[in-house]
Amino acid sequence: MPGETFGKGTVTDHPVPVIRIVREAELESEDAHLRLSLDKANARAAEAERRLTEAAWRCADLQHQLNNLLAVVRSVARRSAETSESVEEYAMHLDGRLSALGRVQGAIAADPGLRLDLHSLISDELLSFQAKEGEQLQLSGPQIVLQPRAAGTLGLAFHELATNTVKFGALTRPEGRIAVSWRLEAGPEPRLVIDWAERGGPPAVPPARKGFGLTLFERMLPYELKAECALRFERGGVRCRIELPLTQQVGAAPHA
């Protein structure tokens, strides 16, 4: 018979397996929890792998940049020695040039992309000579981010221009002003044109001898960056134009 009645209760042939149902629900919950934990662990492992790969790439790139920097330092030291008339002059100028390179490298190292904005490069160099943007200094141009080697070479160029203007040019007078502008010229290969113009200073006089600055503009910039440089010594101060191809090795205009 399907079931028998004993008093007021009934005994069935197939009692409901309550304990087994509860246990299966617990196992499903634990399984879902384990799957979630595994997914999180996999995500953390993938992120750790990505960071390790990024760190390895960054170390390799930093090693490459260090080799380039050492080559630049050796070149600066050699050319500074060739164009100095005394040990004291050599030591003074070399210290200033190495400090300029140090500022550039410090700014590059602080950027995750290991690049430097042209505006920052110029303003930081002139700020080291106490020239304040908006007062004695006006900067204008589109955003250009420079690769480390190009930033180092251009940083040296602006250091030489700034040193000259502080010693002999527009910044020797309260009314002296400096305007630096840059623009991109379209073509099969975009070109970056940078203009440095001083006004309100004493008449600029060409140097009596070829020092490091002229060597930099006549030889180093053309060799390192394929740049064309023009220096003019006018009544209100120095004018300088630097024109170079904006290749991937030099930099880019992110918003162009």
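Quick caveat, the model's predicted, so the values are computed rather than measured.
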Carefully, step by step, assess Leu246 and Leu244 under the rule side chain to side chain contact (heavy atoms under 4.5 Å, CB included).
CA-CA 6 Å; Leu246 192 64; Leu244 64 153; 6.0 Å; no
How long is the gap from [atom1] on [X] to [atom2] on [Y], to the nearest 0.5 Å?
X: Arg232; Y: Cys240; atom1: CZ; atom2: SG; result: 9.5 Å
X: Glu228; Y: Leu225; atom1: CD; atom2: CG; result: 12.5 Å
X: Leu137; Y: Ile122; atom1: CG; atom2: CD1; result: 8.5 Å
X: Glu175; Y: Gln136; atom1: CD; atom2: CD; result: 9.5 Å
X: Leu216; Y: Leu221; atom1: CG; atom2: CG; result: 4.5 Å
X: Arg115; Y: Ile144; atom1: CZ; atom2: CD1; result: 10.5 Å

Does [X] have any side-chain contact (heavy atoms from CB on, under 4.5 Å) partners at least two apart in sequence or in another chain, and if so, which?
X: Arg199; answer: Arg177
X: Ala151; answer: Val104, Ile108, Leu116, Leu146
X: Glu88; answer: Ser86

For the side chain of Thr165 and the backbone of Ala170, is there at least one donor-acceptor N/O pair under 3.5 Å apart?
yes
Checking the side chain of Ser84 only, and the main-chain atoms of Ala81 only, is there a donor and an acceptor separated by less than 3.5 Å?
no
Which pairs with one or both residues in [range] pass ring-ring contact (aromatic ring centres under 6.0 Å, His included), sequence neighbours excluded?
range: residues 145-187; answer: Phe129-His159
range: residues 212-239; answer: none
range: residues 67-97; answer: none

Heavy-atom pair with the smallest gap, counting every atom of [X] and [Y]:
X: Ile242; Y: Ala227; result: CG2-CB, 4.2 Å
X: Gly237; Y: Ala204; result: C-CB, 3.6 Å
X: Gln249; Y: Gln147; result: O-CB, 3.3 Å

With sequence neighbours excluded, tell me which residues meet salt bridge (Lys or Arg N to Asp or Glu O under 4.0 Å) with [X].
X: Glu85; result: Arg209
X: Glu160; result: Arg97
X: Asp124; result: none
X: Lys210; result: Glu218

Positive for side-chain contact (heavy atoms from CB on, under 4.5 Å) with Ile178, one of Val238, Leu139, Leu126:
Leu126
Is there a continuous path of hydrophobic side-chain contacts, each under 4.5 Å between heavy atoms, that joins Leu127 to Val166?
no
Check for me, please, whether Leu94 and Met220 land in the same ILVMFWY cluster - side-chain distances under 4.5 Å, paths through other members count.
yes
Do Arg173 and Pro202 have side chains that approach each other closer than 4.5 Å (heavy atoms only, starting at C-beta)?
yes
Can you find a pair of side-chain heavy atoms, one from Val250 and one from Pro245, that are under 4.5 Å apart?
no
Just checking Arg219: does its CZ atom have more than 12 heavy atoms from other residues, nucleotides or ligands closer to it than 6.0 angstrom?
no
Should the heavy atoms of other residues, nucleotides or ligands under 6.0 Å from CD of Gln248 be counted, would the total exceed 12?
no
Take Thr153 and Leu156 through the side chain to side chain contact (heavy atoms under 4.5 Å, CB included) test and state the conclusion after the steps.
CA-CA 5 Å; Thr153 304; Leu156 284 173; 5.7 Å; no
Under the rule for side chain to side chain donor-acceptor pair (under 3.5 Å), what residues qualify as partners of Glu224, not counting sequence neighbours?
Arg149
Mind checking side chain to side chain donor-acceptor pair (under 3.5 Å) for Asp195 and listing every partner two or more places apart, or none if nothing turns up?
Arg183, Arg241
For the pair Gln143 and Asp117, evaluate side chain to side chain contact (heavy atoms under 4.5 Å, CB included) and give the outcome as yes or no after the intermediate values.
CA-CA 7 Å; Gln143 184 186 21; Asp117 183 80; 3.2 Å; yes
Taking it one step at a time, do Thr247 and Glu189 satisfy side chain to side chain contact (heavy atoms under 4.5 Å, CB included)?
CA-CA 7 Å; Thr247 61; Glu189 186 176 60; 3.3 Å; yes
Passes salt bridge (Lys or Arg N to Asp or Glu O under 4.0 Å), Arg191 versus Glu185? Steps please.
CA-CA 5 Å; Arg191 296 184 68 81; Glu185 290 189 348; 5.5 Å; no
